[in-house]
Amino acid sequence: QVQLVESGGGLVQAGASLRLSCAASGRTFSTYGMSWFRQRPGKEREFVAGVSWSGRSTYYADSVRGRFTISRDNAKNTVYLQMNSLKPEDTAVYYCAAAPRTTLYTGSDYYTTEKYDYWGQGTQVTVSS
């Protein structure tokens, strides 16, 4: 069982930066691939970024590549999402999610919500223009 708790959301102006954190409980954190998803108002939940269990491989949605950076610290059971150059269209509830590393064979697997066994409660990010 893994519990995920996100933090770091808030209200910022366009062009600003935020860093989201997701703290995981349990001693098996390093056996999970981790990702961030978001749900914008009136939209379905969408993949934002993913990181492999080791941290060596990362994956990004086209809409955030070059602006967002995902990383993890297995010693702290935490995954991060550094968000730079924020835009109003980044406004959403951001969720972190954990999927067993044995189910993540290719980069495209990270995009699939059904791969993830555990989800956090979400943190709101609002970007004003």
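With sequence neighbours left out, V93 forms a side chain to side chain contact (heavy atoms under 4.5 Å, CB included) with Y95, Q124. Remark: R72 pairs with no residue by the salt bridge (Lys or Arg N to Asp or Glu O under 4.0 Å) rule, at least two apart or across chains. Partners of R67 under the side-chain hydrogen bond (donor to acceptor under 3.5 Å, both in side chains) rule, at least two apart in sequence or in another chain, are D90. For S30, there are no side-chain hydrogen bond (donor to acceptor under 3.5 Å, both in side chains) partners two or more places apart in sequence or in a different chain. Scored by the salt bridge (Lys or Arg N to Asp or Glu O under 4.0 Å) test, R45 finds no partners at all (sequence neighbours excluded). Under the side chain to side chain contact (heavy atoms under 4.5 Å, CB included) criterion, A92 pairs with R38, R40, Y94, sequence neighbours left out. Applying the side chain to side chain contact (heavy atoms under 4.5 Å, CB included) test to T28 and every residue at least two apart in sequence or in another chain returns V2, T31, Y32. A search for side-chain hydrogen bond (donor to acceptor under 3.5 Å, both in side chains) contacts involving Q82 returns N84, not counting sequence neighbours. For T106, the side chain to side chain contact (heavy atoms under 4.5 Å, CB included) partners are S108, D109, not counting sequence neighbours.
Contact check for Y80 versus L20: no side-chain heavy atoms found under the 4.5 Å cut-off. The shortest distance between side-chain heavy atoms of V48 and L81 falls below 4.5 Å. Counting heavy atoms from C-beta outward, V12 and T126 have side chains that stay 4.5 Å or more apart. Annotation: side chain of K115 is in contact with side chain of L104 (closest heavy-atom distance under 4.5 Å). Between M83 and V125, some side-chain heavy-atom pair lies under the 4.5 Å cut-off.
Counting all heavy atoms, side chain and backbone alike, S35 lies closest to G50 at OG-CA, 3.3 Å. The shortest non-hydrogen separation linking A24 to F29 is CB-CD1, 3.4 Å. Of all the heavy atoms in V127 and T91, the pair that sits closest is N-OG1, 2.9 Å. Nearest approach of S85 to S17, heavy atoms of both residues: N-OG, 4.3 Å. Of all heavy-atom pairs spanning L4 and C22, the tightest one is CB-SG, 3.8 Å.
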Show your reasoning for whether side-chain contact (heavy atoms from CB on, under 4.5 Å) applies to Q39 and E46. CA-CA 6 Å; Q39 188 159 17; E46 62 179 355; over 6 Å; no

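Sorted by first and then second residue, the ring pair (Phe, Tyr, Trp, His ring centres under 6.0 Å) pairs with a member in residues 39-70 read F37-F47, F47-Y111, Y59-Y110; sequence neighbours excluded. The salt bridge (charged side-chain N to carboxylate O under 4.0 Å, His left out) pairs that include a residue from residues 53-64 are D62-R65, where partners are two or more places apart or lie in different chains.
Y105 belongs to no hydrophobic cluster, as no Ile, Leu, Val, Met, Phe, Trp or Tyr side chain comes under 4.5 Å of its own.
Not one N or O on the side chain of T123 forms a donor-acceptor pair closer than 3.5 Å with the backbone of E6.
The CE atom of M34 lies 4.5 Å from the SG atom of C96; values are rounded to the nearest 0.5 Å. If you take CD on Q1 and OG on S25, they are separated by 7.5 Å, rounding to the nearest 0.5 Å.
The hydrophobic cluster containing W119 does not contain I70, counting ILVMFWY residues as joined when their side-chain heavy atoms lie under 4.5 angstrom apart, directly or transitively.
Remark: Q3 CD is loosely packed, at most 12 non-hydrogen atoms of other residues, nucleotides or ligands lying under 6.0 Å away.
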